[in-house]
Amino acid sequence: MNERYNHVEIEGKWQKYWEDHNVFKTVEDETKKKYYVLEMFPYPSGKLHMGHVRNYSIGDVIARCLKMQGYNVLHPMGFDSFGLPAENAAIQRGVEPGKWTWSNIAEMEEQLKQLGLSYDWDREVQTCNPDYYKWMQWIFIQFYNKGLAYKKENPVNWCPSCQTVLANEQVVDGCCERCKSPVGKKNLSQWYFKITDYAERLLDNLDKLDGWPSKVKVMQKNWIGKSIGAEIDFPIADTNKLMKVFTTRADTLFGVTYMVMAPEHPYVMELVKGTEYEAPVLEYLDKVQHMNDIERTSTTNEKTGVFIGHYAVNPVNGKKVPIYISDYVLMGYGTGAIMAVPAHDQRDFEFAKKFDLDIIPVVDPGTDEIDVNNLTEAFAAEGTMINSGKFDGMNNKEAIEAVINWLDGEGIGKKTVNYRLRDWLISRQRYWGTPIPMIYCEHCGWVPEKEENLPVLLPEDVEFTGTGASPLTTSAHFADCKCPKCGADAKREMDTMDTFLDSSWYFLRYCDPKNPNEAFNKEKADYWMDVDQYIGGVEHAILHLMYARFFQMALYDLGLTKFEEPFKNLLTQGMVNKDGRKMSKSIGNVVSPEEIITKYGADTARLFILFAAPPERELDWSDAGVEGSYRFLNRVWRLVYDFAQNWQGGSAPYEVKTAADKELNYVLNTTIKKVTEDVGGRFSFNTAISSIMELVNELYKYKELEDANQAFLEKAIETLVVILSPFTPHICEEMWEGLGYTDSLKDVPWPAYDEAALVKDTIEIVVQINGKVKEKLHVSNNLSREDLEKEALSNDNVKALTEGKNIVKVIAVPNKLVNIVIK
RNA sequence: GCCGGAGUGGCGGAAUUGGCAGACGCACAGGACUUAAAAUCCUGCGAUCCUUACCGAUCGUACCGGUUCGACCCCGGUCUCCGGCACCA
């Protein structure tokens, strides 16, 4: 090894070594315990950013550490390589999406390799690869055959400027994520996945995911949005129709003073057709349809609506109440109609005030501060039932159950559960995605493509205009096919799949990435799954993580895997900022991994990013901090270099004799313990690194001692190199070689710590008087409570301080402290 | 509006089970080495006060209060910031 630390030379050398020697190749091995570490695979934009570096550094430390601890570790990488940017490149620069994507993938691979990440590259998966999307299509067909995929006409998000459909997640504050114009609605026939069938399981299983941050679980819970209530039938007077409503407040049934249907409710037109109400209703419908999402959902909006000329009959007391339509009732939730109780619902209250409708209180708060007969806002809290017939006097929370039971007995209502979660719209009018393998036949309807005809390949004779229908429609022959069922001429589906489908099962493909006959072999998947540790940004807390869970459950139901949940443990890493703000081109505060790797090396970049903050928290990039990490590596290098000159082989016998020996032995073993636990258990990489820094400081001190034990020191330095290696693998390989070893560090077993060395002969005990530290005692380890108390009270300083005072109580905690309470 | 999370020196952060608040690092200051600089090494570094100095005292983990021998940690309330959901009946 050289006297000077040359990161450029070393990193290139070891990256080549790892690749040439296939060091990170993984195979199934039933004799070993498996561990699956997975980082969310990137979209191949072409350039790595610091968020990637953080994500992959975390995963790599875990993977390398557990590998050394004897686990059979699966640590794969790939690319989520379908998606809009490739198509935009085609539109803007005329580059073929495939060409653009594959050259980006090559570039990103190169950069990932420069970080020295321990991936088994033989398992690389790219979602735009026909070998992959063939199985994506196969899975789609399995879902279709199981009734999980269906096509339906529905209003969808439509950007009038981009002339395309947008996913919900691409609508930000009611505007198009790309061009910022307000998003409208358009009726289109689209493919959906019945994720709502899994709502209850997706919700229930969250409780079993102990290894997930509660924050993510709460977010998913909110997103699923379960609410328990009742469905109640209100007959519509002078018709034979029933108006079904959903309510969570069955207790307020006696307070209903009007009813509301969503403007799109199918009954609306039937009820007003040919009446004097038809014209105003049509006018209102027109107004609502031209509103975009921001206007429609704004809570500050004044309530609007139209009376439709009909009345509903309250089944509980026969009272007739008017029916309105209003945009504050949504067709997509519940039954698309509500019973309105202005006294106890703020929205209904506002509507009632505006339209001068009755407000009847049915829950009495029981305080003087609120006068229920003269409300200024709806009273939504708990209280006692009034004006409610036989339910009067009951607590209203209890009345909910009682009213529902009564309704059920009368056959006019029942307990119901509603979810906010909607079915997953998966069609995209895009080119660069997996073609949906469905065929429309005039005789047979929608028929899935035959398995032997998969993959349905993306055609290349397409035009990219950026507007209108999918580019696939511009292909001369793509659409033409034969019906797989009857053989007649038929047409292919022209839409492609949402790319979130691709990323919903890639972790299964990694288990068996090259299989030409199956999406993945069950035995292999059962060996590797579930993912022991998944790591990625919290921005995927809802969509990706819920879609992947849904896929896993559906595949489980199809008998394709034995796990219902894909990710046992989840770590959501925080963002990498600069100067307290998100790194962004427009602010000009972007630090590129490339420049840092060139200047300081990947080891420094990895070390800094792991040391600067705990993984879940935001991290502020600091150039000075990077400098510090680089200094530390140089400090380690000099220490090892000095010893490498006269190395005895690190295995010479030694004895821990002197007090200094014992101290070093203590620090050495506590460091091993701390690093082992911090990396393997709590993912506290920052404290793991700081304890290694303490060990280095201790080694520097110790080596200056006249009676320093060389053999022991060598052993300690060797251990230092081993436990530092998961963080900074290149420099450690080089130092390891410098110490005369010829094997790669990944084959070196992780050091065990000596329990006996963790116990000091004498320890420091704090003596407090009334909870304030006044004295420190050095006593032998494990001194009993009584002896400790005696020791403390006989101390001169303590005696002086307690002189003439009344000792009320003495609390002695062995190996910790003594607290003397005086008066 | 509803649901989460966080608040500790000049800065990033540590304190893992209620037991020495500020580990480790950055920045800064002083010193050593050097013709000089860089690098390196050593020392100091929460605030206020006392003292020539050593020693020491008081305060201090967003704010107010509580429980406890003892609270950054537990409980009640308040403020601020961040995140999610949001006319979801």
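Lettering follows sequence order; numbering is per chain, from 1.
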> Give me each pair satisfying salt bridge (Lys or Arg N to Asp or Glu O under 4.0 Å) with a member in residues 678-692 of chain A, each pair once, sequence neighbours excluded.
A:Lys674-A:Asp678, A:Asp678-A:Arg682
> When the ring planes of A:Tyr547 and A:Trp424 are compared, do they come out parallel, tilted or perpendicular, using 30° and 60° as the limits?
parallel
> Taking the same atom, P, in B:A32 and in B:A38, what whole-Å distance lies between them?
14 Å
> Give a yes/no on whether any side-chain N or O of A:Arg617 is located under 4.0 angstrom from OP1 or OP2 of B:C82.
no
> When rounded to the nearest Å, what value does the distance between C1' atoms of B:U8 and B:G4 take?
22 Å
> Using the C1' atom in both, what is the distance from B:G9 to B:G13, to the nearest Å?
11 Å
> Before you tell me yes or no, could you show the steps for A:Lys673 and A:Glu677 under salt bridge (charged side-chain N to carboxylate O under 4.0 Å, His left out), namely the whole-Å CA-CA distance, both residues' side-chain angles and the distance that decides it to 0.1 Å?
CA-CA 6 Å; A:Lys673 182 167 193 248; A:Glu677 286 170 359; 3.8 Å; yes
> B:C74 and B:U61: how far apart are their C1' atoms, nearest whole angstrom?
16 Å
> If the threshold is 4.0 Å, N to carboxylate O, is there a salt bridge linking A:Asp207 and A:Lys221?
yes
> So if I define the base as every atom that isn't primed, P, OP1 or OP2, how would nucleotides 15-30 of chain B read as a B/S/- string at a heavy-atom cutoff under 4.0 Å?
SB--BB--BBSSS---
> From CG of A:Leu619 over to P of B:G12, roughly how many Å is that when rounded to an integer?
11 Å
> For a quick test of reading the model: is some side-chain N or O of A:Lys809 closer than 4.0 Å to OP1 or OP2 of B:C69?
yes
> Rounding to an integer number of angstrom, what distance separates B:C20 and B:U43 when you compare their P atoms?
25 Å
> Indicate syn or anti for B:G9, taking the glycosidic torsion and treating anything within 90° of 0 as syn.
syn
> Answer yes or no: does a side-chain N or O of A:Lys774 lie under 4.0 Å from OP1 or OP2 of B:A57?
yes
> Pairs counted as Watson-Crick or G-U wobble with both distances under 3.5 Å: what dot-bracket string results for RNA chain B, using | for bases tied to another strand?
(((((((..(((......[....))).(((((.......))))).((((......))))..(((((..]....))))))))))))....
